[in-house]
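The block underneath contains the structure these notes are about, expressed in structure tokens.
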Amino acid sequence: GNSVTQMEGPVTLSEEAFLTINCTYTATGYPSLFWYVQYPGEGLQLLLKATKADDKGSNKGFEATYRKETTSFHLEKGSVQVSDSAVYFCALSEGTGKLTFGQGTILTVHP
Amino acid sequence: NAGVTQTPKFQVLKTGQSMTLQCAQDMNHEYMSWYRQDPGMGLRLIHYSVGAGITDQGEVPNGYNVSRSTTEDFPLRLLSAAPSQTSVYFCASSYEGRNTEAFFGQGTRLTVV
């Protein structure tokens, strides 16, 4: 079956630090890959996605590249802000509306 | 633009009680699904639907029922609540296809005592 593994958290950074959250996946087919973000008290919202190998998704300064050879989709941001504090989920989809999620990584950014 | 609406936002149940979590979307999405979120486990799929009249089980379906009589609504029924069902529940919807974005409701925090 499909699975997604995220780095253990939580992650605590100072403002303007560099962020990496690791994500690796196992899939039987050719999935699309997603990063979702959950702000406190809210539902999940799409941060970025990539639909095929070597695609780079980007949004709000965050980036992730679909690496088929290493089955990875690591999330990066060059300079985090306090407002980036949230829970980040890596996920994959092979269609039919089903998403397989990683465990989630809590990010806290201090001024 | 309502998107995905879940009710209630909070609920406390006694063990053995039943209840229905409501989910409605106004985007004419074919796909709808229910997830539960537990600490350290991410979101796990309970049930999903690819269209009106069609439902299927996800990873953790035991103790839950669903039906989809209309495109818009996808209620989740807890038949006999147990403390292990204490969780945050999210409903999501999307268009057909593996590349499409899922839209989530704000969640229902359920406590079973």
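For the numbers below, each heavy atom of this structure counts, side chains included, while hydrogens, waters and symmetry mates do not. None of the values given here were measured: they were computed from a predicted structure.
- Heavy-atom distances place no part of Glu96(B) under 4.5 Å from chain A, backbone and side chain included.
- Interface remark: Phe104(B) contributes backbone and side-chain atoms alike to the contact with chain A (heavy atom separation under 4.5 Å).
- Between the Trp34(B) side chain and the Gly58(B) main chain, no donor and acceptor come within less than 3.5 Å of each other.
- Within the 4.5 angstrom heavy-atom criterion, only side-chain atoms of Lys49(A), from C-beta onward, approach chain B.
- Contacts with chain A were tallied for Phe90(B), Tyr35(B), Tyr95(B); Tyr35(B) has the most, counting heavy-atom pairs under 4.5 Å.
- Counting only distance, with no hydrogens or angles, the side chain of Glu72(B) and the backbone of Ala24(B) share no donor-acceptor pair below 3.5 Å.
- With a 4.5 Å cut-off on non-hydrogen atoms, Ser93(B) does not touch chain A at all.
- The distance from atom SG of Cys91(B) to atom CE of Met32(B), rounded to the nearest 0.5 Å, is 4.0 Å.
- Contacts of Leu43(B) with chain A are made by both backbone and side-chain atoms, with heavy-atom separations under 4.5 Å.
- Looking at Gln38(A), only its side chain comes within 4.5 Å of chain B, counting heavy atoms on both sides.
- Ring centroid separation for the pair His47(B) and Tyr64(B) does not come in under the 6.0 Å cut-off.
- Ranking Thr51(A), Leu92(A), Val4(A), Leu33(A) against chain B, the residue ahead of the rest is Thr51(A), based on heavy-atom pairs under 4.5 Å.
- Val87(A) pairs with exactly one of Ile106(A), Val37(A), Leu107(A) by the side chain to side chain contact (heavy atoms under 4.5 Å, CB included) rule, that one being Ile106(A).
- Residue Gln6(B): no heavy atom, backbone or side chain, is found under 4.5 Å from chain A.
- Note: Phe62(A) and Tyr88(A) have tilted aromatic rings, judged against thresholds of 30 and 60 degrees for the angle between ring planes.
- No donor-acceptor distance shorter than 3.5 angstrom exists from the side chain of Thr108(B) to the backbone of Phe10(B), with no hydrogens or angles considered.
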